[in-house]
Colleague: 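Here it is: the structure, laid out below.
Atoms within a ligand are numbered from 1 in the order they appear, just like the ligands themselves. Residue numbers count from 1 along this sequence. Basis for what follows: all heavy atoms, side chains included, without hydrogens, waters or symmetry-related copies.
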Amino acid sequence: MNEQILDSFTKDALESARASNTYRTLRHIVSPEASHVKIACNGSGHAPTDTLLLASNSYLDLSNIDELKRSMADAVLQWGTGSGGARLTTGNKTPHDELEECIAQFKGEEAAITFNTGYMANVGTISALCGKNDFVFSDELNHASIIDGIRLSRASCKVYRHNDIADLERAIAEAKIEVRSRGQDAKQDTKQDAEQDARPFRGLIVTDAVFSMDGDLANLPELLRVAREQDVLLMIDEAHATGVVGKTGRGLAEHYGCAHADVTVGTLSKAVAAEGGFVAGRQQLIDFLRNKARSFIFTTAMAPAVAAAACNNLRYIGSHPERVRQLQDNVKFFCEALKREGLGVQPSPSAIVPIVVGDEARALEVSATLQERGILIPAIRYPTVARGQARLRASLMATHTQEELQTAATAISQIIKSID
Ligand SMILES: *Cc1c(COP(=O)(O)O)cnc(C)c1O
């Protein structure tokens with residue numbers, strides 16, 4: 001193997017990542033995901049440290065419930081370890097069908113389709129719905145999987161300012177003007193180009209439901225209004241909303257008491273504590289995706305036991321609304337505790353609580369000191385968030401106790417003040 005060629009593809013990127021402190025490494029956790037985990041100390045020879053985890057996406061902490069673990073184990077015994085094929089060949093087993101019914105019911109939609117991950121759901125859905133002549137209107141803080149889906153679709157992308165409805169309306173107006181002038185320019189082009197360009201305006205608004213770094217919500221009622229007025233489609237990604245937002249964890253429509261978006265994406269890997277992504281909506285949308293979404297078609301179906309686990313866990317959420325309430329109560333308590341400690345924290349409408357520190361190095365230092373004290377809250381820095389907006393990003397679980405949350409709030413405040 002020619003090392004120089006490998007170097008030419010990789011070396012500079014690695015060196016510049018190291019130089020800019022953005023080189024990524026894995027954390028080694030030697031216990032299951034729960035409110036406390038044991039973290040191995042890299043090469044130190046020390047015993048793993050017991051750590052209070054305020055960093056998990058497993059918001060409802062469903063990963064360790066005996067009844068749910070046993071259901072998944074039973075599904076392995078019944079259905080084996082793998083699915084053996086793509087959904088459209090031999091992979092589709094009873095648990096896959098049941099899961100899709102289960103999602104449709106949970107979300108109150110006509111139908112649902114599952115993908116192997118939420119990432120694949122976004123990439124497959126946007127690239128199936130939109131093509132070269134279409135427009136996608138995308139919130140500037142959308143998740144990477146949405147951005148990749150837009151790129152793959154080759155649609156024109158108009159990014160609007162975060163949660164700024166007036167800016168979204170401006171972007172749509174701009175796109176409509178571009179389409180009109182495209183129609184006029186087409187006279188000089190070949191007949192084929194002219195036909196393509198003469199296609200009427202089609203647009204898709206796409207947004208995270210809960211923004212992953214700020215924990216704030218998309219304004220679904222206003223987005224629905226704009227979509228209706230402007231005749232565009234609306235897609236929301238409820239990855240961090242499913243099982244978290246709304247009185248019983250059904251998501252944004254339940255929270256606002258409004259209609260659903262045309263296309264609702266979600267993941268089964270966060271609060272649902274399994275794996276997989278989904279789209280829920282009208283039957284015709286689901287039929288379309290089953291036929292056109294490449295990340296659905298050209299991949300092996302998830303293991304049937306994973307589908308069974310996702311379905312059981314979702315049913316568990318449906319029959320245990322108190323678990324969702326427990327999470328929401330914890331978020332309220334933690335935000336109030338931080339405020340009592342003198343930190344400028346807003347009440348969060350999700351399970352994500354950002355504590356903005358500002359300076360990049362300072363955020364890192366606070367996070368490292370917290371970890372020495374047995375509390376894991378990651379620091380999020382540029383380029384994930386804007387420069388000078390570095391923060392601790394706490395995410396809560398239904399099973400954190402108030403004592404644990406109070407201890408964390410006190411420690412955060414003490415450390416931030418000691419660094420000033
Ligand atoms: C996590 C996440 C995804 C990806 O879901 P996975 O199932 O983990 O692939 C998509 N969108 C948003 C907003 C997310 O936070």
Side-chain angles (χ1 to χ4, degrees), residues 26 33 55-60 62-63 96 99-100 103 106-107 112-127 129 136 138-153 159 162-163 204-220 223 234-245 249 251-252 255 261 263-280 289 293-296 299-303 306-307 309-311 313-314 317 348-354 378 380 384-385 393-397:
L26 294 170
E33 191 81 343
S56 178
N57 292 333
S58 186
Y59 301 119
L60 296 173
L62 298 189
S63 208
H96 298 97
L99 173 58
E100 288 172 347
I103 293 165
F106 184 82
K107 300 297 290 182
I113 180 173
T114 55
F115 295 74
N116 290 358
T117 66
Y119 183 99
M120 291 165 80
N122 273 331
V123 166
T125 300
I126 299 171
S127 63
L129 284 171
V136 180
S138 174
D139 188 289
E140 66 180 336
L141 296 187
N142 277 344
H143 190 261
S145 56
I146 293 177
I147 296 167
D148 292 356
I150 299 169
R151 288 186 183 151
L152 190 61
S153 77
V159 175
H162 175 52
N163 250 340
L204 171 74
I205 303 171
V206 55
T207 181
D208 279 19
V210 171
F211 290 88
S212 54
M213 293 303 137
D214 295 85
D216 57 336
L217 306 185
N219 188 343
L220 182 57
L223 291 166
L234 175 62
M235 165 170 160
I236 66 170
D237 175 358
E238 298 210 298
H240 293 284
T242 308
V244 175
V245 176
L252 254 55
H255 172 84
V263 185
T264 300
V265 176
T267 179
L268 303 162
S269 64
K270 289 174 178 158
V272 184
E275 244 176 35
F278 66 81
V279 176
L289 292 174
R294 294 169 66 84
S295 63
F296 172 82
T299 192
T300 300
M302 65 171 77
V306 172
C311 182
N313 290 11
L314 212 47
I317 297 172
S348 171
S350 67
I352 298 164
V353 180
I380 310 288
T384 307
V385 296
R393 177 188 180 275
S395 58
L396 269 58
M397 288 170 129

Colleague: Mind listing the closest non-hydrogen atom pair of Ala293 and Gly124 along with its distance?
Modeller: CB-O, 3.7 Å

Colleague: Any heavy atom of Ser145 sitting closer than 4.0 Å to ligand 1?
Modeller: yes

Colleague: Using a plain distance cutoff, I'd like to know if Asp208 has any nitrogen or oxygen under 3.5 Å from a nitrogen or oxygen of ligand 1.
Modeller: no

Colleague: Closest heavy-atom contact between Ala271 and Val244?
Modeller: CB-CG2, 4.1 Å

Colleague: Taking all non-hydrogen atoms of both residues, which atom of Asp214 and which atom of Leu141 are closest, and how far apart?
Modeller: OD1-CD1, 3.7 Å

Colleague: Test of understanding: given a 4.0 Å heavy-atom threshold, classify the contact between Asn122 and ligand 1 as side chain, backbone, both, or neither.
Modeller: side chain

Colleague: Show your reasoning for whether side-chain contact (heavy atoms from CB on, under 4.5 Å) applies to Leu223 and Ile205.
Modeller: CA-CA 8 Å; Leu223 291 166; Ile205 303 171; 4.2 Å; yes

Colleague: Please work out whether any backbone atom (N, CA, C, O) or any side-chain heavy atom from C-beta onward of His240 is under 4.0 Å from ligand 1, and answer side chain, backbone, both or neither.
Modeller: side chain

Colleague: For atom 6 (P) of ligand 1, what is the nearest protein heavy atom, given as residue, atom name and distance?
Modeller: Gly118 N, 3.4 Å

Colleague: For ligand 1, which atoms have a heavy atom of Tyr119 less than 4.0 angstrom away?
Modeller: 4 (C), 5 (O), 6 (P), 9 (O)

Colleague: Counting neighbours of CD on Glu275 that are heavy atoms of other residues, nucleotides or ligands and sit closer than 6.0 Å, is the number greater than 12?
Modeller: no

Colleague: Starting from atom 11 (N) of ligand 1, which protein heavy atom do you reach first, and at what distance in Å?
Modeller: Asp237 OD2, 2.5 Å

Colleague: So, does Glu275 sit close enough to ligand 1 that a heavy atom of it is under 4.0 Å from the ligand?
Modeller: no

Colleague: If you apply the rule side-chain hydrogen bond (donor to acceptor under 3.5 Å, both in side chains), what do you find for Ser269 with Thr267, and how did you get there?
Modeller: CA-CA 5 Å; Ser269 64; Thr267 179; 2.6 Å; yes

Colleague: Closer than 4.0 Å to some heavy atom of Thr267 - which atoms of ligand 1 meet that?
Modeller: 5 (O), 6 (P), 7 (O)

Colleague: Of all the heavy-atom pairs spanning Ala310 and Val272, show the shortest one and how long it is.
Modeller: O-CG1, 3.7 Å

Colleague: Out of all atoms in ligand 1, which are within 4.0 Å of some heavy atom of Ala239? Include the element for each.
Modeller: 2 (C), 11 (N), 12 (C), 13 (C), 14 (C), 15 (O)

Colleague: What protein heavy atom sits nearest atom 8 (O) of ligand 1, and how far off is it?
Modeller: Ser269 OG, 3.4 Å

Colleague: If we ignore angles and hydrogens, is there a donor and acceptor under 3.5 Å between the side chains of His143 and Tyr119?
Modeller: no

Colleague: Return the residue, atom name and 0.1 Å-rounded distance of the protein heavy atom closest to atom 14 (C) of ligand 1.
Modeller: Lys270 NZ, 2.7 Å

